[in-house]
J.: 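Take this structure, written in structure tokens, and hold onto it; I'll ask about it next.
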Amino acid sequence: DKILLGKLLPSNVAEAEAELTQYEAELQTLENLVAIRRKLAIENPALTRLRRELSRSYQLLANCHVRGNRKNEAARQWRLARETLEHLPLDTPAEIVELAEIHAALAEWNGALASDPLIQAELQSNADRAMELLRKAVDAGFRNAANLRENKAFDSVRNRDDFSSL
């Protein structure tokens, strides 16, 4: 057993180091992207497209933190994405669904971090808002049922009765 462990351990360590290095490189790239898009959005407040791109960059960064198991930082990035997108007009069903995805993600991650009633209330509020937005998207013409069924972003609300009724 000791010989076998001795042979396996270096490759396991190397794989872990490679994954960490890859994560850190992705994290750095996404943080740079957020900084650039934040600057552009601030310098050009009339261009809503730039704020949408900033929100999407926050979402990418949040997903990176999810993969790195940094739940607190993922939740912070989801909140920034939400705050950025909530102040923009939602002109298409797809844009409404995008905001619903962010609320659903916050419901999941807040749930993972929940340790007091205030966080539980935020969890419930985000789940309820996600469902409200999904109903609005369907009313506005969103018809991609497969997206709703398969999109992992909606895992936190998938078992709700109102989700099933969509």
J.: Please lay out, stage by stage, how I96 and F142 fare under the test side chain to side chain contact (heavy atoms under 4.5 Å, CB included).
T.: CA-CA 9 Å; I96 299 168; F142 187 79; over 6 Å; no
J.: Check the pair D162 / R135 against side chain to side chain contact (heavy atoms under 4.5 Å, CB included), numbers first and verdict last.
T.: CA-CA 9 Å; D162 48 352; R135 280 189 298 278; 3.5 Å; yes
J.: Please say yes or no: joined through hydrophobic side-chain contacts below 4.5 Å, possibly via intermediate residues, are L61 and I42 part of one cluster?
T.: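 No; I42 is not reachable from L61 via cluster members.
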J.: Using salt bridge (Lys or Arg N to Asp or Glu O under 4.0 Å) as the criterion, list what pairs up with R49, not counting sequence neighbours.
T.: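 Testing R49 for salt bridge (Lys or Arg N to Asp or Glu O under 4.0 Å), a comparison that skips the adjacent residues, returns E53.
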J.: Hey, quick one: are M131 and V97 part of the same hydrophobic cluster, counting side-chain heavy atoms closer than 4.5 Å, chains of contacts allowed?
T.: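 Yes; tracing contacts between hydrophobic side chains, which count when under 4.5 Å, links both residues.
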J.: State whether the side chain of S156 and the backbone N or O of A104 hold a donor-acceptor pair below 3.5 Å, judged by distance alone.
T.: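 Yes.
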J.: Within this structure, what is the SG-CG distance for the pair C64 and L30, rounded to the nearest 0.5 Å?
T.: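 That separation rounds to 5.5 Å.
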J.: Could you go through the side chain to side chain contact (heavy atoms under 4.5 Å, CB included) check for R52 and E95 one step at a time?
T.: CA-CA 9 Å; R52 284 191 200 290; E95 290 171 352; 3.4 Å; yes
J.: Between R129 and E132, is there a salt bridge with N-O shorter than 4.0 Å?
T.: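 Yes, E132 and R129 are salt-bridged.
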J.: Just verifying a value: how many Å separate L134 CG and S165 OG, rounded to the nearest 0.5 Å?
T.: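 One gets 10.5 Å once the value is rounded to the nearest 0.5 Å.
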J.: Can we say E98 and R56 salt-bridge, meaning some charged N sits less than 4.0 Å from an Asp/Glu carboxylate O?
T.: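 R56 and E98: salt-bridged.
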J.: So how far is it from L88 CG to L50 CG, rounded to the nearest 0.5 Å?
T.: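 Taking CG in L88 and CG in L50, the distance rounds to 10.5 Å.
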J.: Around atom CG of D91, are there more than 12 heavy atoms of other residues, nucleotides or ligands at under 6.0 Å?
T.: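 More than 12 within 6.0 Å, yes.
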J.: Considering residues at least two apart in sequence or located in another chain, which fulfil the side-chain contact (heavy atoms from CB on, under 4.5 Å) criterion with S55?
T.: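 With sequence neighbours excluded, S55 shows a side-chain contact (heavy atoms from CB on, under 4.5 Å) to Q59, A81, T84, L85, I102, given in chain and number order.
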J.: Please evaluate residues L27 and H65 with respect to the criterion side chain to side chain contact (heavy atoms under 4.5 Å, CB included), reporting the C-alpha separation (whole Å), side-chain torsions for both, the decisive distance (0.1 Å), and the verdict.
T.: CA-CA 8 Å; L27 185 62; H65 285 300; 3.3 Å; yes
J.: Are V157 and L148 grouped together when hydrophobic residues (ILVMFWY) are joined by side-chain heavy atoms under 4.5 angstrom apart?
T.: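 In one cluster with V157: L148, yes.
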J.: Does the pair E73 and Q77 meet the rule for a side-chain hydrogen bond (donor to acceptor under 3.5 Å, both in side chains), with working shown?
T.: CA-CA 6 Å; E73 191 55 34; Q77 296 303 320; 2.8 Å; yes
J.: Walk me through it: do H103 and E108 pass the test side-chain hydrogen bond (donor to acceptor under 3.5 Å, both in side chains)?
T.: CA-CA 9 Å; H103 279 279; E108 181 176 346; over 6 Å; no
J.: Does a donor on one side chain and an acceptor on the other come within less than 3.5 Å for E26 and Q22?
T.: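 There is no such pair between these side chains.
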J.: Where do Y23 and R70 land on the side-chain hydrogen bond (donor to acceptor under 3.5 Å, both in side chains) test, with the steps shown first?
T.: CA-CA 11 Å; Y23 166 76; R70 295 182 177 173; 3.3 Å; yes
J.: Which heavy atom in A107 sits nearest to a heavy atom in A127, and how many Å separate them?
T.: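 Taking every non-hydrogen atom into account, CB-N, 3.7 Å.
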J.: In this structure, would L99 and F154 fall into the same cluster of hydrophobic residues linked by side-chain contacts under 4.5 Å?
T.: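 Different clusters: L99 never reaches F154 through Ile, Leu, Val, Met, Phe, Trp or Tyr contacts under 4.5 Å.
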J.: Salt bridge check: are D139 and K136 linked by an N-O gap of less than 4.0 Å?
T.: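 Looking at K136 together with D139, the answer is no, because their closest N to O distance does not fall below 4.0 Å.
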J.: Between L54 and I36, is there a shared hydrophobic cluster once you connect ILVMFWY residues whose side-chain heavy atoms come closer than 4.5 Å?
T.: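 No, no single cluster joins them.
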J.: From D128 CG over to N126 CG, what is the distance, rounded to the nearest 0.5 angstrom?
T.: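 One finds 9.0 Å between CG of D128 and CG of N126.
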J.: What distance separates R51 CZ from L47 CG, expressed to the nearest 0.5 Å?
T.: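 Going from CZ on R51 over to CG on L47, the span is 8.5 Å.
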J.: What I'd like to find out is whether the side chain of E31 reaches to under 4.5 Å of the side chain of V34, using heavy atoms alone.
T.: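 The answer is no; the side chains never approach within 4.5 Å.
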J.: Looking at Y58, is its backbone amide N or carbonyl O close enough to the side chain of R37 to form a donor-acceptor pair, meaning the two atoms are under 3.5 Å apart?
T.: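 A pair under 3.5 Å: no.
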